[in-house]
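Okay, so here's the structure we're looking at.
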Amino acid sequence: MTQVLCVAGARPNFMKIAPVMAALAETGLDAQLLHTGQHYDAAMSDGFFADLGIPPPDHHLEVGSGSHAVQTAEVMKRFEPVLESVQPQAILVVGDVNSTIACALVAAKRGVRVIHVEAGLRSYDRGMPEEINRVLTDQISDLLFTTEKSALANLVREGIDPARVEFVGNVMIDTLHRNLERATPASRTLGAELAQYAVLTLHRPSNVDDPDTLASLLDVVGEINRSVPVAIPLHPRTRGNIEKFGLSAKLDGLRVLPPVGYLEMLGLMRDAKLVLTDSGGIQEETTALGVPCLTLRENTERPITIDEGTNTLVGPDPAAIRAAFADVMTNGGKTGRIPEFWDGRAAMRIAHTLKAWLPARKGVRVA
Ligand code: UD1
């Protein structure tokens, strides 16, 4: 009998599900993997399965892109019959993407227990679709695993019983530890030996869906590029919008790359002078690598990367970006320490807890 049906759907899920699947197998738990197909390009999906040694999914929903409503609804419609046929004791979801809330909602309403990995992170910005996914997924989860201690206070504030919450550390950093030695050298990805370079990633709707904001960000990146070459692995949403808004000329002189694989991105970050990003995961990975990170957002749901790590919030304001960049160039930027339990063992902690938790909860939950 399948004990846990694990769900992954979009790029940032794959590096989180990889160590969890491995730890469940090592602990002798019976798990299956379901891919919703939210991300489907080889560069956004299959390449990660290959790089990270994730077993091929047992189920694939092939939902593809759409508006939030269409994508979420499509995952829900296609997930329900799979859940019905597999009849797992619990489903396990990771992160905060549309696939996370869609599958959690279907399972909770069918009385199947929900386990959420990376629970309790809050930006307190409801304009961010992921924030809505986080709050709602946590509300309907039975067991919540957190990456940093601040998450518990967020959950308690929302009325969640602390007995359901366990601080285990960061599974994404498990993946980083496992793969750091295999990372592709930056010179290979960049096609040149550069004395120093910066890496930029940009895909948040708040930064890339408004033409003026996107243009102003690309302008300041162009300025930075005049002192330090900037490499940009370009997300499909961002590429599409740059073309749609007629901003392609602003990419001139930048080292534009297609979305890169996990091992390439790891190598690019490890060897970079600095990273500029609006990603959630990259704020954490740069903290784990000790590389200065300027986050192009007004807030972060990962405060430990600011309090203990190498992250600085600069928002989309060009003056703030210029000042933080100058600080990195003159003073080397922020140094930090590795947060507690970001030690490569988070997934094993999860598996050990589940080994005891699952047998104690046989049968469908009676609400
Ligand atoms: C999603 C997640 C976000 C995560 C990001 C990483 C939600 C709400 N957002 O945002 O949290 O940080 O993934 O990438 O779930 N596209 C392709 N090929 C693909 C996938 C997408 O071309 O394989 C294009 C499509 O035009 C699509 C657009 O990218 O409409 C956006 O994809 P979508 O999954 O809706 O959201 P992301 O911006 O990727």
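Numbers here are sequence positions counted from 1. All figures in this text were calculated on a predicted structure; none of them were measured in a lab. Just follow the structure's listing: the first ligand is 1, and inside any ligand the first atom is 1.
In summary, the side chains of N299 and R297 do present a donor paired with an acceptor at a separation below 3.5 Å, with no hydrogens or angles considered.
Here D174 does not pair with R349 in a salt bridge; the nearest charged N to carboxylate O distance is not below 4.0 Å. With salt bridges taken as basic N to acidic carboxylate O contacts below 4.0 Å, one links R110 and E80.
The shortest non-hydrogen separation linking R178 to A22 is NH1-CB, 4.2 Å.
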In a simple table, one pair per line, please give the protein and ligand 1 atom names for every N or O pair closer than 3.5 Å, along with the distance.
residue	atom	partner	partner atom	Å
ligand 1	9 (N)	E130	OE2	3.2
ligand 1	11 (O)	E130	OE2	2.6
ligand 1	12 (O)	H203	NE2	2.8
ligand 1	13 (O)	H39	NE2	3.4
ligand 1	14 (O)	H235	NE2	3.0
ligand 1	15 (O)	Q38	NE2	2.8
ligand 1	15 (O)	N98	N	2.9
ligand 1	18 (N)	D41	OD2	2.9
ligand 1	22 (O)	D41	OD2	3.4
ligand 1	23 (O)	Y40	N	2.9
ligand 1	23 (O)	D41	N	2.9
ligand 1	34 (O)	Q38	NE2	3.3
ligand 1	34 (O)	H39	NE2	3.3
ligand 1	38 (O)	R237	NE	2.8
ligand 1	38 (O)	R237	NH2	3.3
ligand 1	39 (O)	H39	NE2	2.8
ligand 1	39 (O)	H235	NE2	3.0

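Interatomic distance, CD of Q283 versus CG of D278, reported as 9.0 Å (0.5 Å rounding).
A search for ring pair (Phe, Tyr, Trp, His ring centres under 6.0 Å) contacts involving F49 returns F14, H35, not counting sequence neighbours.
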